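Beneath this line is the structure, given in structure tokens, with notes to follow.
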Amino acid sequence: MRGFRQGWMIPVCLLAALALAALAEQAGSGTCQHDPGFEDMELKAESAIVITATVRVGDRTVTLKRIGTKDGAVGDLGPLCIADKIEFKVEAEDKDSTVCMTDSIINYLKDTEVSVKVFTGVTDDAQDDYVDTFALDKSGNREKRIWSKTRTMQEWSNSLRGKWVRFEFSGTVEDEPCPIPKHKNSHDGPVDMKGYQARTVFSVLEKIVATQGESVRADSNANRLREQPGYVCAGEVTLDAYSDAAGTEQHFPDGQPVWTAQKMPPAAGGGGGGPPSSPPGKPVRIGAGKRIKPIFSEPGLYRIHAKTCDSERTMFLTVVKVEFHKAEEGPNGNRYGFDNMDTPNNPHDDHISVKRNGATFVEVRIWESPVNVPIHFVSQDPDTARPGIEEKPPPLPPSFLLEIQGRDQRKKETTIEARLGNPDGPVLTSIRVNVYEERVIGLWGIFPVIDKMSQGTHPLNHNLPPEGMLRNTYNNCLKQIVMIIEDMVLHGDKDVRYDLNGNGALDLYLDGGHQDELNPIRAALSLNLDNQLSTLIVKKFNYAWRLAEKAEKGNTTIRIRGNVDNRLDNYTGMQLSLGIGEGEEPVTIKDGNGVNIVLRNALQKIHAAGTPLCLNIAGISGTLDIPMIVQVEQNFEKMMLHEPLHREEIGHLLDVNNTTNLMHYSAIPNRGWELRYKERPLYRGTGAENQWEKIPR
């Protein structure tokens with residue numbers, strides 16, 4: 001508000017105003033003329049000079065505030081498409097411009113200059129690339145002045161496209177004071193335009209780059225794209241859009257650019273090891289933004305297209321897919337183990353085994369893509385295992401065999417990778433290699449045993465193949481765990497009087513007493529268990545315990561001579577047989593702890609001391625004093641190999657609950673030949689077992 005001393009009356013003020021107006025007209029508008037009689041009138045500034053600065057680009061406008069004030073900040077227009085014109089405007093207003101009490105403008109805004117400087121560069125604080133400085137045109141009256149300028153984009157098309165741009169205002173907006181000393185308070189301080197800034201980046205799509213890890217960069221600037229496209233591995237790929245050719249900025253407005261991908265027809269001479277390619281189709285939208293991560297699960301040649309504002313780019317990208325697969329069995333194929341870990345969709349976790357200082361092969365498959373760059377094979381630890389070749393140059397076949405060489409290690413693992421383009425290129429696929437000392441079984445003797453005095457012990461009808469064929473069958477299984485049988489002897493049927501109790505079975509007593517039926521066989525065969533692995537084949541085989549005292553009819557408890565390792569406690573709930581011939585009856589164990597065995601049901605018959613309590617089993621792995629024993633039944637040839645792998649000095653493997661595995665706990669017909677690196681669940685107790693790693697080396 002204008003200020004007056006108390007005591008002045010309104011009519012006097014009006015008269016003073018008329019007088020001052022007359023004086024102003026005489027003196028002109030450039031000077032504040034006054035009458036000495038009015039010098040006592042004190043005038044004050046109504047408010048400071050109010051400045052509004054704006055920058056408008058296209059449909060985007062930003063209002064600027066001075067940098068350095070508490071609410072000041074660079075006016076950020078954000079990423080913009082190229083516009084036809086850029087508008088700059090500064091509006092200044094001084095509301096106390098008529099303080100001399102006339103309708104003439106005595107106290108007014110000076111006729112000063114305001115200009116704009118334009119800086120460009122590749123970063124948001126760019127100051128290096130000076131572009132232009134220009135003055136703004138003035139308009140408006142003396143109490144409200146306007147400085148403005150419109151520039152067309154054609155003037156800066158080469159300088160601003162794809163770069164960060166900062167606009168800086170300069171100049172000072174000043175007030176002309178009234179010369180009456182008492183009116184000096186009406187003079188507002190000058191406003192320096194320094195610090196009024198705006199910035200933006202004009203988004204122009206100059207380049208597309210595809211990467212995957214440390215992949216070969218493929219961009220839209222490459223020449224002869226169809227013949228020399230960029231390469232990435234199948235899977236998750238990052239696509240980046242760059243707004244300048246140097247590839248240093250990625251700024252695009254409103255979620256642009258918009259991306260599409262289209263699979264192209266296979267190039268002539270491309271690989272053919274994979275599934276049939278899907279036919280070329282319509283472009284598919286794969287995302288929007290300056291950076292996206294599409295999934296290219298299917299290999300092939302793709303046309304990648306991106307567009308933002310009025311600029312667009314196209315890139316041809318070859319998606320390469322390479323996998324390691326199990327080679328065919330044989331000396332020039334898979335020589336040891338291959339475990340895909342039951343994850344066919346994750347080829348990177350497969351394991352192969354190889355003998356120390358030995359070699360095996362894996363199949364390398366190149367799935368359809370027209371690969372025109374080499375594949376490099378790299379070992380993470382060449383002292384453990386290494387590839388037979390380091391580079392496979394183009395042209396590449398759909399598939400080939402790669403040798404994997406085990407080094408001088410007894411038990412160690414490393415990874416071999418297939419990399420695209422060079423040894424440091426992206427990883428196409430990988431495989432884990434386990435190097436083991438080979439476990440050797442020197443001599444294995446197999447002895448079919450009958451007792452011609454006991455009709456139930458023969459004929460055996462084991463139908464085993466010749467020893468050479470059987471050894472090869474076993475070695476094809478054992479090679480998975482890097483084990484080998486060097487020699488095997490399959491003897492003819494041996495007639496030994498061993499079935500002394502006449503139950504038609506070989507009874508192995510676990511009561512701590514004399515081995516009445518096994519010892520005659522050992523003596524007759526002169527088994528040397530120190531020098532060879534020995535297996536007895538019989539028609540029927542039992543674990544057995546003998547009654548220590550007579551058991552009366554109606555008893556629910558029996559007493560046995562002993563219970564080695566408290567074995568009967570393992571068979572709680574299982575049915576055994578007590579007695580022989582007409583005196584035999586089935587019994588079920590309720591409590592097998594110790595020598596006083598509790599039965600679930602009362603005995604139906606009387607049993608004398610020494611009567612055998614028997615459990616029929618498929619086989620036993622034996623000890624250093626007891627040979628392996630297996631009974632003839634369906635699939636028993638797998639049981640013959642199963643049992644020695646239990647032995648501590650050979651395999652030390654436990655029973656597992658997996659029907660395809662050789663160590664499945666039961667002699668079922670569909671038991672498989674697998675021996676796995678992947679842990680298999682144990683049959684007894686909790687946990688699982690990695691069979692390759694468990695073998696003693």
Side-chain angles (χ1 to χ4, degrees), residues 212 215-216 227-229 231-235 266-277 296-301 318-341 344-355 357-382 384-407 414-435 476 479-480:
Q212 186 183 58
S215 75
V216 178
E227 291 77 13
Q228 298 177 353
Y231 296 94
V232 293
C233 307
S277 168
F296 290 105
S297 59
E298 186 178 354
L301 178 65
T318 297
V319 178
V320 181
K321 185 176 181 181
V322 175
E323 291 181 352
F324 289 125
H325 284 263
K326 182 179 180 180
E328 292 185 5
E329 306 290 338
N332 294 320
N334 180 49
R335 296 177 180 173
Y336 296 97
F338 190 108
D339 196 329
N340 71 358
M341 305 297 287
N345 294 326
N346 180 16
H348 294 275
D349 67 348
D350 294 351
H351 283 257
I352 61 170
S353 59
V354 62
K355 173 184 173 181
N357 293 323
T360 187
F361 290 87
V362 293
E363 181 186 8
V364 182
R365 294 185 188 174
I366 303 171
W367 300 77
E368 181 192 352
S369 297
V371 180
N372 294 317
V373 293
I375 294 178
H376 285 257
F377 299 99
V378 180
S379 174
Q380 291 185 358
D381 181 7
T384 295
R386 65 185 183 187
I389 58 171
E390 296 181 353
E391 178 185 355
K392 187 74 170 178
L396 295 169
S399 65
F400 59 92
L401 293 177
L402 176 69
E403 185 181 38
I404 305 295
Q405 301 170 353
R407 308 298 287 164
T414 189
T415 300
I416 290 181
E417 301 166 330
R419 289 181 172 264
L420 179 63
N422 59 74
D424 296 321
V427 177
L428 293 160
T429 190
S430 62
I431 194 163
R432 310 283 179 85
V433 183
N434 296 88
V435 181
N476 282 333
K479 71 179 186 179
Q480 298 174 90

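The first residue in the sequence is number 1, and the count goes up from there. Keep in mind that this is a model prediction, so the values were computed, not measured.
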Within this structure, what is the [atom1]-[atom2] distance for the pair [X] and [Y], rounded to the nearest 0.5 Å?
| X | Y | atom1 | atom2 | result |
| --- | --- | --- | --- | --- |
| E417 | H376 | CD | NE2 | 13.5 Å |
| H325 | L402 | NE2 | CG | 13.5 Å |
| R335 | S353 | CZ | OG | 12.5 Å |
| R365 | T429 | CZ | OG1 | 12.0 Å |
| I366 | K392 | CD1 | NZ | 8.0 Å |
| F338 | I352 | CZ | CD1 | 7.5 Å |

Minimum-distance pair of heavy atoms, taken over all atoms of [X] and [Y]:
| X | Y | value |
| --- | --- | --- |
| L428 | H348 | O-CE1, 3.9 Å |
| I416 | P387 | CD1-N, 3.8 Å |
| A234 | S297 | CB-O, 4.4 Å |
| R407 | V435 | O-CG1, 3.7 Å |
| E403 | A359 | OE2-CB, 3.5 Å |
| V232 | L420 | N-CD2, 4.2 Å |

Taking the side chain as C-beta and beyond, is there a heavy-atom pair between I404 and V362 under 4.5 Å?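 In contact.
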
So F377 and F400, would you call those rings parallel, tilted or perpendicular, with 30° and 60° as cut-offs?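 Rings of F377 and F400: perpendicular, as their planes differ by over 60°.
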
For E390, look at atom CD and say whether over 12 heavy atoms of other residues, nucleotides or ligands are found less than 6.0 Å away.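 Counting other residues, nucleotides and ligands, CD of E390 stays at 12 neighbours or fewer.
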
Matching residue for H351 among D339, N340, N434 - test: side-chain hydrogen bond (donor to acceptor under 3.5 Å, both in side chains):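 The option that passes is N434.
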
Go through the steps for F324 and V364 under the test side-chain contact (heavy atoms from CB on, under 4.5 Å), then give the verdict. CA-CA 5 Å; F324 289 125; V364 182; 3.7 Å; yes

